[in-house]
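FYI, side chains are in, hydrogens and waters are out, and symmetry mates aren't considered; it's all heavy atoms of this structure. Chain A is the first sequence line, chain B the second, and so forth, proteins listed ahead of strands; every chain is numbered from 1.
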Amino acid sequence: MTTTLIGVCFAAYIVSALLYIVHLKVRRPAWRRGAFILVVGAFALQTAILGWRWWAAGFLPVTNLFATQFFFSWALAATYLYFELRYRIGGVGLFVIFLNLLLLASVLPRDPALPPLIPALDTPLFTLHVSFSFFGYAFFAMAFSLGTLYLVQRRLSHPLLPTLPQLRKLNEESIFLGFVFFTLCMLAGMLWAYVAWGYWFSWNIKGVWSFLIWLFYAGMCHAKFVRQWQGTGYAVLSVAGFFLVLFTYLGIGLLMSSNHPLE
Amino acid sequence: MSAVRLWNFLCSLKLAIVLASAAVALLVVGSLYMPSRPSLFGAMDRMPLGQWYAQAWSQQPEAVWWVPAMGILIILLGINTLCCTLDWLFRLKSRWRKTGEYLLHLGFVLALAGYVWGSFDGFRNEGMRIAVGQTVAIPSFPGHYLMLEDVEIFRRTPRAIPDAASTMVLLRGDTQISRYQIRTNDPLIHGSLVVVPLSFSQAAAGIRAQISGVGAVDLLPGAVFALDGGATLTIHDFYPWAMRRPDGSVFPRGENPVRPALELELNNPDRLIWRGWYFPQDGLPPELAEAGVRLRPVDLVYRPIGLFTVNSDPGAPLALAGGIAMTAGVFICLFSFYSKRARGDRPEIT
Ligand code: HEM
């Protein structure tokens, strides 16, 4: 049942992405409205699935690979909708939808069974830590998308894409929001580490890279005030930052052993 | 360099970006050493950083050179942030709208100061074994003891994996200074001290025996039994795996119940009859048999035993204050970001 419903979300996101692409070429409001309605519908269904799983498990299920990828995909959709509702970004956020599709595609073949909760994870600090981190990652993904478009737009000056100052403003906001969530993720994580292990900073590779990401984006929150780094520099940093994020989320979990395995 | 220029340099935003970028680059390089040397870097969480570094530098300097370099960069960033925050504080009247940003900055400075403090002071003990009923001294914390009163296994929900709740008493000398039921994610915290449960098991603690005239009893250290005819039998000690030296003295070999032994003392009301080690596998010592003691071992007595992490980090309260400042700062920032944007307020660009 869960898998079927996720399949429905997947299909809706695919169709909406196609409609957004068509809309980039054919500027008819109907295409865009259709795409938007599909994203809202899929997001609402995803929210319902998440809510139902939360209720059934008695805790926010973010404790195995299936659950974290599903949550990340939901956070990406929420991030996209935030920018779409506020700034009407349309196809500009397509990368985030693609990433969302990729995650859902990897979720679909997995077993959706709810795992029993191990005592170590039975704390709101863990729930906050994980959900804040995925929201942080989602905004960093959005910044990657906006940064890439900025670099494209700088070459193309395409009339259908937003202007460079618009893209820059959106990118700065995305980085700022990502940093806010990631800071909250780190704070919850530090408190959790203290009550779970008796020390609040762990020198495992994931902890070190999370601090590194935090420092990187803290640096970016300042770089926008320095003239040479505005615009292109900032866009390049947004792209580079997302590779750091990807390495921290996937690379370390898959390639190296740490106390943050993916499953 | 004049004082004003030095101050401006210390408060400079560009300096912050340079330091943060250098720290990021150095951490990328440094972290590459970590996966290939798990035993070296795995010990980093088991002791305060300063203590770890002293050992690690003497063993593999080529793999840990980046740690102090990193420390210097981050401390410089902290000083930079502190100066920047002070500079803001001096001009609070005209800059109060940036309270969120500066609470965030102050929080970072406090957390960093807490980390530096905890790296050079305090201690960590991972895996202290304490059996129920046992009192043990906390290493590196003179005069302080932990006593495990009780361990209770429970489930938070019917489907949940079981957890243990251990009632722990913290003593200074003979005085109880704290008593707390520790669970996973719910440690005993007293000042800089934190006691975290790691795992639980069972350990042999004594011998269950049938004593004629007394019945079935658990022979555990500290127990005293009144026997027929007015004699008393006192249990002094128990070793699950005891070894006898050629000179007759007995020492503990390990925790596995391979060759258990009890240290017993038999007294008449007016005199000591015998004190010595009883190995059930060798039969009752002749002195006891002659004194009329009829004792038949039946089984081993097991007791829950807990493994605990007992750490002291004097910087932790400062770091917590930093964390609170950062949390407040980040929320205020979130609101002020939009209100400043709406007002078209962008900071001076350097
Ligand atoms: C690792 C340490 C630091 C962190 C985490 C940090 C974080 C932040 C954040 C999140 C903002 C808000 C940016 C925004 O409005 O989008 C900010 C703003 C700012 N930070 Fe930092 N910062 C750090 C160190 C410093 C240092 C060392 C300086 C000193 C030069 C500094 C100076 C500023 C200034 C001037 C602003 C702009 C405030 C405004 O006018 O809006 N920061 N910082």
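The part of A:Leu184 that comes within reach of chain B is its side chain, from C-beta onward, which places non-hydrogen atoms under 4.5 angstrom from that chain. Proximity to chain B is limited to the side chain of A:Leu191, based on heavy atoms less than 4.5 angstrom apart. Residue A:Pro124: no heavy atom, backbone or side chain, is found under 4.5 Å from chain B. Using a 4.5 Å cut-off between heavy atoms, A:Leu187 contacts chain B through its side chain alone, with no backbone atom that close. Using a 4.5 Å cut-off between heavy atoms, B:Val310 does not touch chain A at all. Heavy-atom distances place both the backbone and the side chain of B:Asp45 under 4.5 Å from chain A. If you measure heavy-atom distances from B:Thr327 to chain A, the contacts under 4.5 Å come from both the backbone and the side chain. In this structure, chain B has heavy atoms under 4.5 Å from both the backbone and the side chain of A:Tyr194. Contact of B:Ile17 with chain A is made through the side chain alone, with heavy-atom distances under 4.5 Å. Looking at B:Pro38, neither its backbone nor its side chain comes within 4.5 Å of chain A, counting heavy atoms on both sides. Heavy atoms closer than 4.5 Å to chain A are found in the side chain of B:Ile74, but not in its backbone. For B:Arg124, the part lying under 4.5 angstrom from a heavy atom of chain A is the side chain only. Both the backbone and the side chain of B:Asn185 come within less than 4.5 Å of a heavy atom of chain A. The contact between A:Leu177 and chain B is made entirely by side chain atoms (from C-beta outward), counting heavy-atom distances below 4.5 Å. Contacts between B:Tyr338 and chain A at a heavy-atom distance below 4.5 Å involve the side chain alone, from C-beta outward. Only the side chain of B:Leu320 comes within less than 4.5 Å of a heavy atom in chain A; its backbone stays farther off.
Ring geometry, A:Phe70 versus A:Phe66: the interplanar angle falls under 30°, so the pair is classed parallel (tilted spans 30 to 60°). Relative orientation of the A:Trp74 and A:Phe135 rings is perpendicular, given thresholds of 30° and 60° on the angle between their planes. Ring planes of A:Tyr249 and A:Tyr137: tilted class, angle from 30 to 60°. Using the six-membered ring where Trp is involved, A:Phe139 and A:Tyr82 have ring planes that are perpendicular, over 60° apart on the 30 and 60° scheme.
Highest contact tally toward chain B, considering only A:Ile118, A:Val208, A:Asp122, is held by A:Asp122 [criterion: heavy-atom pairs under 4.5 Å]. Chain A forms the most heavy-atom pairs under 4.5 Å with one residue out of B:Val195, B:Val196, B:Asp186, and that residue is B:Val196. Note: B:Pro187 leads B:Gly107, B:Pro187, B:Gly118 in heavy-atom pairs under 4.5 Å with chain A. Considering only heavy-atom pairs separated by less than 4.5 Å from chain A, the leading option among B:Ile189, B:Leu49, B:Val28 is B:Val28. Of the listed residues (B:Gly323, B:Ser31, B:Ala20), the one with the most heavy-atom contacts under 4.5 Å to chain A is B:Ser31.
Using a cut-off of 4.0 Å between Lys/Arg side-chain N and Asp/Glu carboxylate O, B:Asp163 and B:Arg155 are scored as not salt-bridged. We find that A:Glu173 and A:Lys224 are not joined by a salt bridge, their nearest charged nitrogen and carboxylate oxygen being 4.0 Å or further apart.
For the pair B:Arg183 and B:Phe154, the cation-pi criterion (under 6.0 Å, within 45° of the ring axis) is fulfilled.
Side-chain atoms of A:Phe243 and A:Phe144, non-hydrogen and from C-beta on, do get closer than 4.5 Å to each other. Contact annotation: the side chain of B:Tyr102 never approaches that of B:Asp87 to less than 4.5 Å [non-hydrogen atoms, C-beta and beyond]. Two residues are said to be in side-chain contact when any heavy atoms from C-beta on lie closer than 4.5 Å; B:Leu104 and A:Thr183 meet this criterion.
Distance check: A:Ser131 OG to A:Phe126 CZ gives 9.0 Å after rounding to the nearest 0.5 Å.
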Problem set entry | Working for ring-ring contact (aromatic ring centres under 6.0 Å, His included), residues A:Phe134 and A:Phe72 | CA-CA 5 Å; A:Phe134 284 118; A:Phe72 189 14; 5.2 Å; yes
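Here the side chain of A:Ser133 pairs a donor or acceptor atom with the backbone of A:Val130 at under 3.5 angstrom.
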